[in-house]
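Side chains included, hydrogens not; waters and symmetry mates left out as well; all remaining heavy atoms used. Numbered from 1 within each chain, the chains take letters A, B, ... in sequence-line order.
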Protein chains: 2
Amino acid sequence: MAERGYETTTLREVAARAGVSPGLLYRYFPSKRAVILALYDELSAEYVRQSAAMSPGPWRERFLFALKTSLRVLEPHRTTLRALIPVLVGDPEEGLFAEGTRFSRLRVQGTFEAAIVGARDAPRRPLGAALGRVLYLAHLAILLFWLLDRSSGQGATASLVALVQRILPGVALTLRLPGVRQFALSADALLREALLDAPAPAPAGLG
Amino acid sequence: MAERGYETTTLREVAARAGVSPGLLYRYFPSKRAVILALYDELSAEYVRQSAAMSPGPWRERFLFALKTSLRVLEPHRTTLRALIPVLVGDPEEGLFAEGTRFSRLRVQGTFEAAIVGARDAPRRPLGAALGRVLYLAHLAILLFWLLDRSSGQGATASLVALVQRILPGVALTLRLPGVRQFALSADALLREALLDAPAPAPAGLG
């Protein structure tokens, strides 16, 4: 799939490349959809495992740890994920915000929420969890940037993460302003309405 | 294509739906790729036409005008663009940052640069053009949010634009701080390195 794209690859070809009979493959993965869901499940479980090493500290350090861990876990799979962008971003059934993939997504989203809520300097409820979700979405935007990044060795993504790291202290300071706190709460509310808590979309072709 | 997706639609089906012979369609659109390029060309030209009404004023008002004009021009085509997300975002040859689509992209990007550089309160070179490109990318992120937005009537996107409008005066103020100016310049440099000025990507399957 990494070579030929999701749409044009058949399970028969996957079986041939894996060196197993189509019958055996179908037993474990009855559809291409099942392959994608298994990939999400495996990567998100690995992410939760590696995130367990998050140390106590201020929320901005914990967020950076959550972000860098995500990039590290996904790094070996970049070519595959690059080929799966059409599915990850656009697909109403197997995309990142779809109903069927919610379980894996909530694992990662929950890690970002916990990174903020469990920080030494956690903002009070409900701002802490809201900030966690906004930062989770920002992290997804950075992952998309990384997948599209055509600079040598994705050096631009490394620069972007360094830039985020440099501005975070300033961002943390502005979060003491009521206007900025309100901004984070409003941003969280509309991200939930549009993507995170939205009901399952209409079947393809009617949306 | 809006109904069945880009990959699985054939030009023969497009011809049948359009009520023309496949021969006639092939004469004007020798490939599905040509259909996409024509769509980009048409939409970006319409965008430039409607953006001509931008009035003099501060850069944040001109940016908002550029952003809202983009949403208005694309609005009637949302279902089609929604189905084309896999191509727009992920495709190395027909995607938004591909070599072959650069002409249409530069029309829109140039409008955002001109919105800032030509403002009454334009930041000095090279910050003006850099800010224009960063805002052009921010606008693309908002368009992606709009396409994925599952809230009723894409109300969350309208809230997001209103939120951006509300925070822009504060953002404009912080741009007087040397640290924030440097941030905008750094962000622009890495966006160019990763996406905007990057050389054409390696053929699919090798990247």
Side-chain angles (χ1 to χ4, degrees), chain A residues 2-8 78-79 82-92 95-97 137 141 144-152 154-160 162-163 166-167 170 174 177 179-180 182-183 186-187 189-195 198-202 204-207, chain B residues 2-8 78-79 82-92 95-97 137 141 144-152 154-160 162-163 166-167 170 174 177 179-180 182-183 186-187 189-195 198-202 204-207:
Chain A
E3 282 171 24
R4 307 209 20 223
Y6 180 72
E7 284 290 346
T8 49
R78 182 169 181 270
T79 310
R82 176 92 190 62
L84 287 177
I85 286 181
V87 182
L88 293 167
V89 180
D91 199 284
L96 215 50
F97 302 114
L137 255 292
L144 181 60
F145 182 83
W146 170 62
L147 291 178
L148 296 176
D149 185 354
R150 298 208 297 259
S151 65
S152 166
Q154 289 77 57
T157 300
S159 305
L160 177 62
L163 195 58
R166 218 161 64 220
I167 62 162
T174 67
L177 304 172
V180 177
Q182 189 51 53
F183 169 76
S186 303
L190 60 89
L191 291 177
R192 292 171 77 168
E193 189 190 351
L195 300 174
L206 299 176
Chain B
E3 283 171 23
R4 309 210 19 225
Y6 180 73
E7 284 290 347
T8 49
R78 182 168 182 270
T79 310
R82 175 92 191 62
L84 287 177
I85 286 181
V87 182
L88 294 168
V89 180
D91 199 286
L96 215 51
F97 302 114
L137 254 293
L144 181 58
F145 183 83
W146 170 63
L147 291 178
L148 296 177
D149 185 353
R150 299 208 297 261
S151 65
S152 165
Q154 289 77 56
T157 300
S159 305
L160 177 62
L163 196 59
R166 218 161 66 220
I167 63 162
T174 67
L177 302 172
V180 177
Q182 189 50 53
F183 169 77
S186 303
L190 61 89
L191 291 177
R192 293 171 76 168
E193 189 190 351
L195 300 174
L206 300 175

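Taken from CG in A/D149 to CG in B/L190, the straight-line distance is 8.5 Å, to the nearest 0.5 Å. To the nearest 0.5 Å, the span separating CD1 on A/I167 from CD on B/Q182 amounts to 13.0 Å.
Comparing B/L148, B/L84, B/L137, B/D91 by how many heavy-atom pairs each has under 4.5 Å with chain A, the most go to B/L148. When each of B/V180, B/L160, B/L147 is scored by its heavy-atom pairs under 4.5 Å with chain A, the top score falls to B/L160. For the set A/V87, A/L88, A/L163, the count of heavy-atom pairs under 4.5 angstrom toward chain B peaks at A/L163.
There is no contact between B/R192 and chain A, counting heavy-atom distances below 4.5 Å. Using a 4.5 Å cut-off between heavy atoms, B/A187 contacts chain A through both its backbone and its side chain.
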Self-check item: A/L144 and B/L144: CA distance, side-chain angles, deciding distance, side chain to side chain contact (heavy atoms under 4.5 Å, CB included) verdict
Solution: CA-CA 11 Å; A/L144 181 60; B/L144 181 58; 3.8 Å; yes
